[in-house]
Structures are given as structure tokens and as C-alpha cells.
Amino acid sequence: MTAIDPTAHLTAEQIEELGRELDAIRDEVIAGRGEKDAAYIRKVISVQRKLELASRGVLLFSFFPPAWLIGTAGLSVAKIMDNMEIGHNVLHGQWDWMRDPKIHSTTWEWDHVSPSEQWKHSHNELHHTYTNVIGKDNDLGYGIMRVDEDQKWHPFHLGQPLWNFINACFFEYGIAAYDLELGKNLHKRRRKNPEFRARAKAVGRKIRRQVLKDYVIHPLLSGPSFLTTLAATFTANLVRNIWSHSVIMCGHFPEGVQVFERRSIKGETRGQWYLRQMMGSANISGSKAMHFMTGNLSHQIEHHLFPDLPSNRYAEVAVKVRALFEKYELEYVTGPLPRQVLSAWHKVFRLSLPNKKPKVETPDREQELVAA
Amino acid sequence: MTSTALRSRAWKLLETVTTPLLPSDYLDLVSPLRAGADLRGRIEAVHPETGDAATVVIRPGRGWRGHTAGQYVRIGVDVDGVRLWRAYSITSPTDRRDGRVTITVKAIPDGKVSNHLVRRAKPGTLIQLDQPTGDFVMPQAKPARVLYLTAGSGITPVMGMLRDTEFDDVVMVHCAPRPQDVIFRNELHDLAADKKLRLTEVHTDTDGTLDIARLDELVPDWAERETWACGPAGLLDAAEAHWTEHGVQQRLHTERFRPGIVVAGDGGEVTFSATGKTVDADGGTPLLDIGEEAGVLMPSGCRMGICFGCVTPLKAGAVRDLRTGEITEAEPGVLIQTCVSAAAGPCDIER
Ligand code: FES
């Protein structure tokens, strides 16, 4: 909905051709999945578990400051790994092909307050199907922010930098609330809906267990290090939350990323769907370690094109995808993490204020925004 | 509080410590074969038997309950990263001192698991195990005279029996294409030399397939023998007909490998076994649509293969991935995405 449509130069045939070329990239990876990939995810899971165990072990002595530092750092990294490279990707079904019931989208549960089942619905289904479609993809601003000029401004949006910051700190709770569609379900009538109540109960149970583990059991096990362990776990969760929030913001918010109108996806072809994923996502450039710590969501564009390909393959896929962007003269939005984070935050601030020149809204558009 | 109650309390507490994982997820990292773990085994050695068969020595986990001679075990092996399950007869005796068990595998053409085990499996590899099972076993009372009628890898369960239990009067008729294809040939000849076994080898490359009527000549008293037969379907069908014809079918015990081979076609009859509905499906319509049209409650999400909200067990038959054309055959634990899979022949979807 930017003034100029960056895909206007493509003909319908070109878009379908682009779709076929992307399908071919996907087929190639699928045909080549094998032992090495399986070994990779097993290794990552094993390292994550060992790192978590070791860090929690070190935190038993966290009254001793160096131990606190090492334990907290280790636990933060372990939590980030669990959340990003393992949890997010396993829940996408990226590793289902291994037929290992222990590393499977239907059985995986992550170290996060949102139950896997609910997250899969809101993320895999809603966000990935309706990527960046205003009113359909609630990941756009999570329902608390204005992310596009065309969205109507409301005084509530003045506070959005603050909401966004709070959301970053308590991101996992934000996600849980978001998966529950809390905003929409808090009306009296909806609150009584048995299906919503069951889901809310599941979230409550998950939160209880997570909090009990992190803030009661582990500190208690540390005895004299009770308080320092508590602080360490809190810090690790905070670090993980801010980190994952930042990475995810970089995926769809930086300047240059397109959003779409609801009516634009009616009768969308495969090629058009691909094109929307390409224009609606942004990457983070950086080292191997950076890609790993973002759970390869630094390859957000590739991930959105092929959400079920194993994450360790995105790097090689990215080279081919990027070549297609060039061939079809499309902008591949990418940049180093600090720049992308800044760009996204800049947008959050900018859109917290009303537009300088509000555009004339078509009636159709108006309706959509109300529905949203 | 009783000690069991106490223990379950302690376990609950431990589960809180490791939530959302289970304590076993961590223990598996260090001790996958411990008591109480999911049953697994470790491959300790692979010995070639013939050009295309090998014996795999497995150390089973602590939960292994032991087998009866003649039984088989299902094993789950990761081949090219994919876990595949197959059943193999156990060829080791039941009282092996070191507690190891062996299976003997013949590589069949295009057999993913068998070729992997015979040619590529490495000692040290973990595999998944089920408890041994099967009723192709010896009766409680020892029969006076025994006949083993085997062909090809059908010799494997019988070898488990031969190594396990000695009988006074045992005859074996074994078919294989050529002498060098006879699995366990040296051991069989040693047994024969020790007069523990009377062995007749039929080499089908030169002698042709065994005509079951030739038994009269090879083992004149076959009808009085308790018989265990194992081999390809043709041999077993012939044996069953022959024994029935002579009214002695109760003396014949058979074991069939590889029941029903899946033929991947285009469309077929789809059974939704949980709902009890059966409908015809063409080869191009997603099973999700087929099920919904038939009034079956199908979970779904994106309907385009990306959300994995529609995964459902495939109980039998084969399906084709509409995007890649890839065929998936039913095996225990196989789940398919119904929104991008179509029937490739008759199949059974657990919905
Ligand atoms: S419905 Fe989304 S993968 Fe099948």
C-alpha cells in the first residue's frame, strides 16, 4: 500500500514463472534432505540441553558473582536456542520428515508460556498464510500498534513505543495473550465461550508450570543462592524475550517491507502468494553465529517462502532466492541487526503520530480497518 | 505415605524441575539404554554372512524382556535421516551369555532398511526396538521329529530355533539360488557333520523352484513331522495346500514376511477408519477435501501445506504429495498432511 507498488513491473506470467522457480528450489532441498540434516538438529538439541543443565548447575553457586554471570549467560543462550532454532522450527514441522516422534511438530513443547498447540495455530496458520495482510495477520503490530500509514491513527497509538518496549520485555506473555486473542475475547460474552475458556486454562497451566520452575523450584534448589538464582532466571527470560522480539521485529517491520490489503489476496495464485511473502519479509545479514542465534529467522524471507524446510538449509536457499529477486528486479530487504532493529523502531515511533498528509480512504478500506 | 506414593511425588517434583521437557529427555542424553527408557538398542557389530546378507549384533536396553526362539523384533532405524521400522527374525539363541541379540538381514532390491543394515550400518548406532513378538515358535512339548522348510531369508527364524533347542530328529530343506547364497551355510554344514541335522539344499538356479510334491522323495516321513516353514509366499501357499490336502495342516506352522506390498497408483478407495467411512478418491484431490466431503471431521489450517495443522496418521496404503509427487507409504508412526496429499491407491486415514 505504499504509493508505488514495487511489483507493478511484473506481468502475471512472470509472477507464475517466479512461482515455478521457487517451487524448484524447494523441491531440490526436499529431495536432498538426509542424514546430515537429522544429525544437525539432534546435535543442536543435545547441546541446548547440556548447556541448560550446566548453566542451572552453575547457578546453584550464583551467590558467587562470576558464577552468576556465567550461569545467567549460559541460561540465556540456552533459552534463546530452545525458543528460536529449536522450538520455532520444530513447531513449523521442519523436522517432521524424520519421523522421530520426539522431534515432531505434534509432540514438541517449548520453554515458553504459550502452549505449542495454540502458538502453532496463530503463527503457522494465521500469520504464515496471511502474511502482512492488514486485518488478517495480527502479527502486524500485534493488535497494539499502527504499522502502516494507511491505518487509521488513534490517540492510543501515541503510546505505542512504550507498549512495544513493554511487549519486548515480557514478550512470551505477549505472545501467549496474542495466541489467545485476548483483546478480542475479553468482552463479557466471549469470555464465557467454553472453547476460549479451555484455551485460557491451558495457558494458565503452562504459565504456572513455567513460573514454578523458573522462580520457585530452581531458586529453592539453590538454597543459599535463592535470590541470585531467581534474579538470574529472570534476567535470562528477559534477555531471551528482548532478543526474540528484536529478531521478529526485523522480520516484517523494517522500512521497505510491504503490507497488503485484504481484498488483494482474494483468489491469489501460488505465484502471487510467493510474491507477497517476498515483499512482506526482511532479512538480517551477519555471521553464521548470528544466523544460528536468530534461529535462522535472519533468513526471514526464505523462511516465509518455505516455512517447512529445515532451518539449516535457509542459508544455501538464500543465495538462490536472492538471485531471483535480482532477476525480477525486486528489493531484497536486508541489513545488519542493529540497523534493522533501528529501522523497525523508527517506524514504531513515526507511526505513533498521525500522518502529515492523511490519505483519502476508500470506503472499502475503511471497512476493513474497522473489522481489523 | 507409602513409598510408591512418595516416589510418585518425587517424580512429579522432578518433572517440574525439567518442565516443559521430561526428566527422561535429559537422561536419554547420557544413558539411552537404561531401565525405564523407551526401548532402544545399540548396534555393536555387523558380520557379513553372504554377498547380500549380514548379521547385526544388538545390545538391547535394560527394558528388553527377552524372546522365544522363532520370534521377530521390530526395529526402527534412521536411514538418510528418516526413521523406518521393519521386522526381523531374531537369530540368536535365547540364552546368549552376553545378553546380546542378533538379527540377520538379507538386502532386498530397493530395500531401504535392509540395504542400509547390510552395507552401511555402523557399530555404535542407536536403534529403536519393540519387544519381540510372533507365534512362530516351538510348542511347550518337544516334538519327536521336526521338519524345517525354508527358502532364502526364511531361514532366519529357523536358525534362531536351531541354535536354541536341540531335537533328536531334525530335517531341514532349504532353498537358495546358489550355494553361496545360503545364509549360515558353514554352521548348517557343521551341524550336519555332527549329525544334529539332516540338511537338503535346493539350489533353485540349477534345480528350479522346489516342487512341493518332491517332499515325498526328499523327506518321506514329512507328514509325521512337526513342520515350521518360512519363505516367500509361493512356497508357503504351496505348503499350506499340500499339508491340507493330506489332512495334516495342524502340523504345519508358517511365518510370512512382508505382508501386502503397497502398489502406488492414482487414486483409490479411502477409508477413514476412526469414523468408519469409505469413499472413492481420485489421484488429484487432497484427502482433506475428500474427508470433508464425506462428512469426516478433519483438522485443518492453511490448506496449502505450510501450517502442519492437518497432520493425520496414515494407517495403510500410500499417498502422493501433490506438490512434489513423492509417494509416502503407511508405516507405524507415519503422519501425512492431508491438505497436500492425495490417494495413491487404497489407503486408510485415521480420522
Ligand atoms: S492445513 Fe496447513 S498444512 Fe495442511
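Each chain gets a letter, A, B and so on, in the order its sequence line appears, and its residues count up from 1.
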Discussion item. With a 6.0 Å cut-off (strictly less than), is the heavy-atom count around CZ of B:Arg119, excluding the residue itself, greater than 12?
Written reply: yes
Discussion item. If you define the side chain from C-beta out and look only at heavy atoms, does anything of A:Lys213 sit under 4.5 Å from B:Pro20?
Written reply: yes
Worksheet item: From A:Ile45 CD1 over to B:Asp25 CG, what is the distance, rounded to the nearest 0.5 angstrom?
Response: 9.5 Å
Response to the item:
Between A:Ala38 and B:Gly81, the two heavy atoms sitting closest are CB-CA, 3.7 Å
Worksheet entry | Working for side-chain contact (heavy atoms from CB on, under 4.5 Å), residues A:Met98 and B:Asp78 | CA-CA 8 Å; A:Met98 288 162 58; B:Asp78 295 333; over 6 Å; no
Worksheet item: Would A:Glu109 and B:Leu21 count as a side-chain contact (heavy atoms from CB on, under 4.5 Å) if you check the C-alpha gap in whole Å, the side-chain angles of each, and the deciding distance to 0.1 Å?
Response: CA-CA 7 Å; A:Glu109 193 54 74; B:Leu21 301 179; over 6 Å; no
Worksheet item: Is it the side chain or the backbone of A:His128 that comes within 4.5 Å of chain B heavy atoms, both, or neither?
Response: both
Worksheet entry | Spatial distance of atom CZ (B:Arg323) from atom CG (A:Asp23) [nearest 0.5 Å] | 9.5 Å
Worksheet item: Which atoms of A:His104 come close to chain B, meaning under 4.5 Å heavy atom to heavy atom: side chain ones, backbone ones, both, or neither?
Response: side chain
Worksheet item: Does the pair B:Leu84 and A:Arg99 meet the rule for a side-chain contact (heavy atoms from CB on, under 4.5 Å), with working shown?
Response: CA-CA 8 Å; B:Leu84 300 173; A:Arg99 299 187 185 170; 3.5 Å; yes
Worksheet entry | pair B:Thr324-A:Arg26: side-chain heavy atoms closer than 4.5 Å | yes
Item to complete: Quick one: which of A:Leu53, A:Leu126, A:Thr106 has the most heavy-atom pairs under 4.5 Å with chain B, could you say?
Response: A:Leu53
Worksheet item: Under the salt bridge (charged side-chain N to carboxylate O under 4.0 Å, His left out) criterion, do A:Arg49 and B:Asp28 qualify, and how do the steps go?
Response: CA-CA 11 Å; A:Arg49 287 183 183 163; B:Asp28 283 352; over 6 Å; no
Item to complete: Identify which part of A:Trp108 has an atom lying under 4.5 Å from any heavy atom of chain B, answering side chain, backbone, both or neither.
Response: neither
Discussion item. With side-chain contact (heavy atoms from CB on, under 4.5 Å) as the test, pick out the partner of B:Thr19 among A:Lys206, A:Gln210, A:Arg208.
Written reply: A:Gln210
Worksheet entry | Toward chain A, the part of B:Glu15 with a non-hydrogen atom under 4.5 Å | both
Worksheet entry | Ionic contact status for B:Asp80 with A:Lys36, cut-off 4.0 Å | no
Worksheet item: Counting a contact as any heavy-atom pair under 4.5 Å apart, which residues of residues 83-96 of chain A contact chain B?
Response: A:His92, A:Gly93, A:Asp96
Item to complete: With a 4.5 angstrom heavy-atom cut-off, could you sort out which part of A:Glu117 is near chain B: side chain, backbone, both or neither?
Response: neither
Worksheet entry | Side chain, backbone, both or neither of A:Leu221 within contact of chain B (heavy atoms, under 4.5 Å) | side chain
Fill in: Largest heavy-atom contact set with chain B, pairs under 4.5 Å, which of A:Ile217, A:Ile30, A:Asp82, A:Asp214
A:Ile217
Discussion item. Does any backbone or side-chain atom of B:Val311 lie under 4.5 Å from a heavy atom of chain A? Answer side chain, backbone, both or neither.
Written reply: side chain
Fill in: Residue pair A:Asn124 / B:Ile306, side-chain heavy-atom distance below 4.5 Å
no
Worksheet, complete the sentence: Whatever's closer than 4.5 Å to a heavy atom in chain B on A:Asp37 counts as neither
Item to complete: Please indicate whether A:Tyr178 has more than 12 foreign heavy atoms, meaning atoms of other residues, nucleotides or ligands, lying under 6.0 Å from its OH.
Response: yes
Item to complete: Assess whether side-chain contact (heavy atoms from CB on, under 4.5 Å) is satisfied between B:Asp38 and A:Lys102, documenting all intermediate values.
Response: CA-CA 11 Å; B:Asp38 290 354; A:Lys102 301 223 154 150; 2.8 Å; yes
